[in-house]
Amino acid sequence: MIERRMLLRAGLGAAAGGLALAHARAEAEPYVLGTLFPMAGPNAEYGTIFTEGAQLALTHLTADKLLSRPLVLKAEDSQGTPQGGAVGMSKLVNVDHALYVLIGFTGVSKAAAPIGTRAKVVMVNGGGVGPDLAGLSPYYWNVIPLASAEVSRIAPFLVAKGWKRVALIYMDDPFGNGLRKSMQSDLPKAGGEIAGLFAITPAEQQFSALAAKVRDARPDVVYFASYGAQQAQIIKQLRDNGIDQQLVTYSGALIPSVRSLPQAEGLIFTVQTAPWSATDPVTKRFLADWQATHKDLPSVYHQNYYNAVRLFGLLAHGLEQQGKPVDGDSLRAELLRVRRFALVGGEGTFDDLGDLSVPIDIETLKGGQPVKLD
Amino acid sequence: MTGEVLGCSGLAAGYGGRTVLDGVDLSLAAGEVLCLVGHNGAGKSTLLRTLFGLLRPGAGTIRLDGTALRPAPSAMARAGIGYVPEGRGVFPGLAVREIFTLALHAASLRGGEARARVEAVIELLPAIRGFWDRRAATLSGGQQQMVAIGRALLAEPRILLMDEPSIGLAPKLFQDLLAPVRRLQQARGMSILLVEQNVRAAFAMSDRVAVMRSGRIIFEGLPSELDDHARLIELF
Amino acid sequence: MLLAQLLISGIQTGVLYALTAAGFALIFGATRIFHFAHGAAYALAGYGFVFAVRAGWSWPLAALLATVLAVGFGLFMDAFVYRPIQRHTGSFFTVFVAAFGVVIVVQSGIEIGFGRAFVAVTSPLTHASAVLPGLYLARAFWIALAVAVVMFGALGLFLARTRTGIALRALAENPDLLRAYGLSARRLSALAFALGSALAVPGAVLGAATTGLSPSVASHVMLVSLAASVVGGIGSLRGAAVGGLVLGVAESLVVSVLDTQWSEAAGFVVLFAFILFRPRGIFGAALAR
Amino acid sequence: MTAYLLNLAQLAAIFGLLAASLNVLVGYGGIFSVAHAVFFGFGAYAGAQIALNVTPDVLLVSIGGGLVAGVLSLALALPALRVRGEYFVVASLGLQMVATTIFIEAEPVTGGLGGLVGIPPPQLLGFSLASPWAFLAVCLAALLGGLATMRVLMRGSFGRSLMALRDSESAAEAFGKNVALLKTLAVALGCTIAGVAGGLFALQMAFVNVESFTLDQSVLVLAMVIVGGTGTLAGPLVGTLLLLLLPAALTFLPGIPPTEIGAVQQAIYGLAMALLMIFRPAGLAGRALGKR
């Protein structure tokens, strides 16, 4: 049944980033990479972005003939929910026999991680930033800095700007609560204070009342942290309802619906350092091929999932050279043995938990484009 | 008696698989008042509903002016047939004025002609003027029935189907209501098919009587033939 | 001043709810069909409007396109979903599940066609400025209020004065009797769907400008308009208007004492309380059919 | 592949039980609830807490889940006694929305949006059920047990009184039936079984959070009952199989760009729901119309 099924795989000779459908070849059993992203619903925008980054890396790996076996990408919809994550992960592990699953979102990760761990499948996160994603499982790696690191970076910056009273709007979930705890500890340390805490839920659409309450707290600056479409909605409604204070957020701002929003002009956010000026060949090739098809700069999510797939290529290549089988345990051993890899953004180093440390920038939006501030 | 205006033969109909009409043959002549009597559940109301097109017949034919057709309520109304349904044929939430507007709308009457028709009906049933602006729900049963009948007369129908207009009315009141209708019928040569339990009042204005039982017509004749009470009881 | 501000924003939200709920109430009142997919008309109108504005159309023209989409959807649902089900005498819940299926299809269609991101049209009208110290108002507030007053006034006049309006009210009371009068219930119910769906348009246009739209907006709007029409009294237009306002204000005012995540729940607590203590709603439309 | 199918089979058994329990309300009692996921959730949270803090014994977890859901079903019985038809639907909708918020906010009990993680593998009287086959057997046993209970009850005087009530409340009252008691019992029975299913669900997923107990889930369960056919024993099972397996099967659709897979699946799923209702309004296993 598996042999007869259509599988997604990198199209040889296809345009960069393009995928073609082909029958899996029986003679060279492919390496199956899975993606477990939200492909429908309010967070599907992220799924699209995450997939694009992975696809480009797949094209590059295939073109480079780095591996002896073909690579296929099998997509599952996590729906952005824990249940979808658990069911989709189970399918990727048991039906598709994926070795290596690209994953995002804190809730999805927490539901899928036990399944992946049991089956010793490596899961790589390049999108979720919930602080408790660190050390979730030996097979769960992060190629993205988590929110706690972003907060530590921004807190002193805000205070230095004279914005001491911070109103914090946060998602009432593991991600948001982790971020709130970081803010509650880092901000006083830097000499600032929390002017008000405002919890929100994913389904909320109306923020005019929230705006009134935020204004009532008289903050110097408003920090908010939500996901996807809601981020843009918060910005627009806060601005529309007379919040003129500086708006600050985390790396989740870097999606088109925020960038194209006129009210988001001047938004300040933290983001892992965009390495587009780097001169190493990996970054230059990624950037050139990306711009050739998309006529725009890639986002860090594109970069992260590119790196996640590239990392697999490098690890598997190493294992093939050593004549070792490619499975979860050997991939993990190889990661901990090598530690340093040439990735987009320069050489990256993984720690014992399998997390990549990445420098963080503070940027602002000018005319829809991120501009570095600090 | 001149020719048939409305008739049916072999008519069968029912609700959800239950047969109510089981081969009805009936003919209503021009200018005639035909009274239909029978037990509850004999199929009288169903026959009227089927003739007006509110219920789709299972078998048989319906003729209007000698032409077989499949009736639809709006087409029947346009063809000059008025139908006063069982119960209070008014919308309780609507004012009498609005009920008449609705009837004018159904008959596509506008402007001066519409006003003249309303005047004519009020002339026939002058009491309506007294509660013209009141909601139907606030009217007595007799007043509601008067509005229901007046509404049907607004289109100047040549055939009137009336389903138990006497229900819930005192006999005197009922006769007061029927008298103007009878006058109009005689003046204009209107045909009336009347379903009625109040046999005495109904027979007084009927030219002919038909008795229904279990979905069939079991007797047709002159009212006088049924004056003998024993005969009537036997048929029922 | 916080309370006044919350009241203002509650009213602005409330009038949009009221208009959408009125559409639902009109359809339910006239046809007794529980048009669970009403929110999809809102979503289609909103997205159509945004699409047209982005394509450079003028606002009135864009609103016209939105109206065409909403009305077309309503007529489609009436003719191809509800009527076939009712012809088979499908139960109320059959209608419910079918409508829900359609909502999912519309939402996915929007995702495929328009993308999954949040969309909004930008206008200086939605930008609030201080009218009193600490009290912010956008011109959109007055527009929303004016549109609601005009729409409800026009609708009220239409139902009270015109022949078609009277016929719609008659349809609501007794469709069988309407046919006995020689009027076509089918044409009128199609009209109710057209009108009711069109009533979602002002809310959708203002929503696209103020709160913005996302593909899942349909289910939210559907829930609110349902709740509003029950609070007001199912099938009553006046009830839908007041119910929508009550829900909008309740959602907003609760924020003064609780976190915002309670605001949606607050609306439904109000709803639940009404069901338990005043099930006929504010205007007590008949409970029994 | 086997593990995946086993996983699906376990879910199917659990949702079959859940749909059958809703059928008690909708099909037999005429109580059209769109809040069934709430009671599924009560059971799942209670079961998860038992498994986390006491023991992951299937019996204890499912009975505990059932009891909690059964007791809390009063929240649904109350409006059921007050209103009917569309009004009740909207009331249950209100209950669903409020409960969703409470699930998010009652973080000490429910873990909020983050949910309860690390639910230990199930046991039965000290024996481990970590093997998917063993747990599937338990789920199937629960399903069969639930179905048998419902069959016995619905064929008995309780069920007949309930159906009389569904067909005509006033007639049932005239015949001296205690309408309030009947409705409360029907709600309690349906919700208790939903709670049992919730307990099993918590053990099956090893993770519970509010997203499994939202309005969408309630509507999905309702659709299972309606699509299958109300008031029949087989209906909810047919509906469950179809609606649970359809999305699973749709993930095998070829030829769709990966970024559109989700939306296309959803669209097909919604379309299937609508078309089934248009062409089979009585449900797949439903009896022919007009003959109740």
Side-chain angles (χ1 to χ4, degrees), chain B residues 15-17 45 48-49 51-56 71-110 114 133 135-137 144 147-148 151-152 154-155 157 159-163, chain C residues 25-26 28-32 83 85-91 155-192 232-239 280-281 283-289:
Chain B
Y15 301 95
S45 296
L48 248 57
R49 287 174 59 84
L51 287 175
F52 193 64
L54 287 166
L55 196 67
R56 190 182 294 182
S74 47
M76 294 302 266
R78 273 195 303 276
I81 300 175
Y83 169 59
V84 182
E86 196 179 2
R88 300 286 168 255
V90 294
F91 297 94
L94 263 50
V96 173
R97 168 178 46 80
E98 292 174 326
I99 289 170
F100 275 70
T101 306
L102 208 55
L104 292 171
H105 181 41
S108 306
L109 291 167
R110 293 187 170 272
D133 281 318
R135 284 200 310 133
Q144 290 188 5
V147 172
R151 184 283 302 173
L154 206 56
I159 304 167
L160 191 61
L161 310 176
M162 282 205 283
D163 197 350
Chain C
L26 183 76
F28 182 79
T31 66
R32 294 283 139 182
R83 200 169 295 149
I85 291 176
Q86 290 194 324
R87 211 168 20 236
H88 294 125
T89 56
S91 76
L155 199 60
L157 275 179
F158 168 74
L159 288 177
R161 296 292 163 79
T162 67
R163 290 179 161 196
T164 316
I166 292 170
L168 273 178
R169 282 159 56 209
L171 176 67
E173 290 197 7
N174 190 342
D176 272 347
L177 185 57
L178 196 75
R179 296 177 66 210
Y181 275 38
L183 284 159
S184 161
R186 181 182 291 190
R187 277 229 298 281
L188 277 169
S189 81
L191 180 79
I234 283 192
S236 149
L237 276 185
R238 216 167 23 145
R280 281 151 192 262
F283 290 106
L287 191 62
R289 296 226 194 133

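The figures that follow rest on heavy atoms only: side chains count, while hydrogens, waters and symmetry mates do not. Numbers restart at 1 for each chain; the letters A, B, ... are given by sequence-line order, proteins then strands.
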Undergrad: Can you check whether chain B and chain C share any donor-acceptor pairs under 3.5 Å, and give the atom names and distances if they do?
TA:
{"residue": "Arg163(C)", "atom": "NH1", "partner": "Leu109(B)", "partner atom": "O", "Å": "2.8"}
{"residue": "Arg163(C)", "atom": "NH2", "partner": "Leu109(B)", "partner atom": "O", "Å": "2.5"}
{"residue": "Arg169(C)", "atom": "NH1", "partner": "Glu98(B)", "partner atom": "OE2", "Å": "2.9"}
{"residue": "Arg169(C)", "atom": "NH2", "partner": "Glu98(B)", "partner atom": "OE1", "Å": "2.9"}
{"residue": "Arg169(C)", "atom": "NH2", "partner": "Glu98(B)", "partner atom": "OE2", "Å": "3.3"}
{"residue": "Glu173(C)", "atom": "OE1", "partner": "Gly93(B)", "partner atom": "N", "Å": "2.9"}
{"residue": "Glu173(C)", "atom": "OE2", "partner": "Gly93(B)", "partner atom": "N", "Å": "2.8"}
{"residue": "Tyr181(C)", "atom": "OH", "partner": "Gly89(B)", "partner atom": "O", "Å": "2.8"}

Undergrad: Heavy-atom distances under 4.5 Å only: say whether Ile99(B) touches chain C with side chain, backbone, both or neither.
TA: both
Undergrad: Distance check, rounded to the nearest 0.5 Å: Leu109(B) atom CG versus Phe100(B) atom CZ?
TA: 12.5 Å
Undergrad: CG/Leu51(B) to CD1/Ile81(B) distance, rounded to the nearest 0.5 angstrom?
TA: 8.5 Å
Undergrad: Need one label for Ala77(B): side chain, backbone, both or neither, based on atoms under 4.5 Å from any heavy atom in chain C.
TA: side chain
Undergrad: I'd like to verify something: which residue of Ala155(B), Gly93(B), Gly53(B), Gly82(B) has the highest number of heavy-atom pairs under 4.5 Å with chain C?
TA: Gly93(B)
Undergrad: Could you check which of Gly87(B), Ala152(B), Gly89(B) has the highest count of heavy-atom pairs closer than 4.5 Å to chain C?
TA: Gly89(B)
Undergrad: Please look at Ala172(C) and chain B and tell me whether the side chain, the backbone, both or neither of the residue comes under 4.5 angstrom of a heavy atom of that chain.
TA: neither
Undergrad: Check whether Leu104(B) gets within reach of chain C through its side chain, its backbone, both or neither, counting any heavy atom under 4.5 Å.
TA: both
Undergrad: Under the side chain to side chain contact (heavy atoms under 4.5 Å, CB included) rule, collect the residues that match up with Pro175(C), sequence neighbours excluded.
TA: Leu171(C)
Undergrad: Distance check, rounded to the nearest 0.5 Å: Leu102(B) atom CG versus Leu168(C) atom CG?
TA: 10.0 Å
Undergrad: Count the heavy-atom pairs under 4.5 Å between each of Ala95(B), Ala75(B), Ala106(B) and chain C, then report the option with the highest count.
TA: Ala106(B)
Undergrad: At what distance, to the nearest 0.5 angstrom, does CG of Leu191(C) lie from OG1 of Thr31(C)?
TA: 11.5 Å
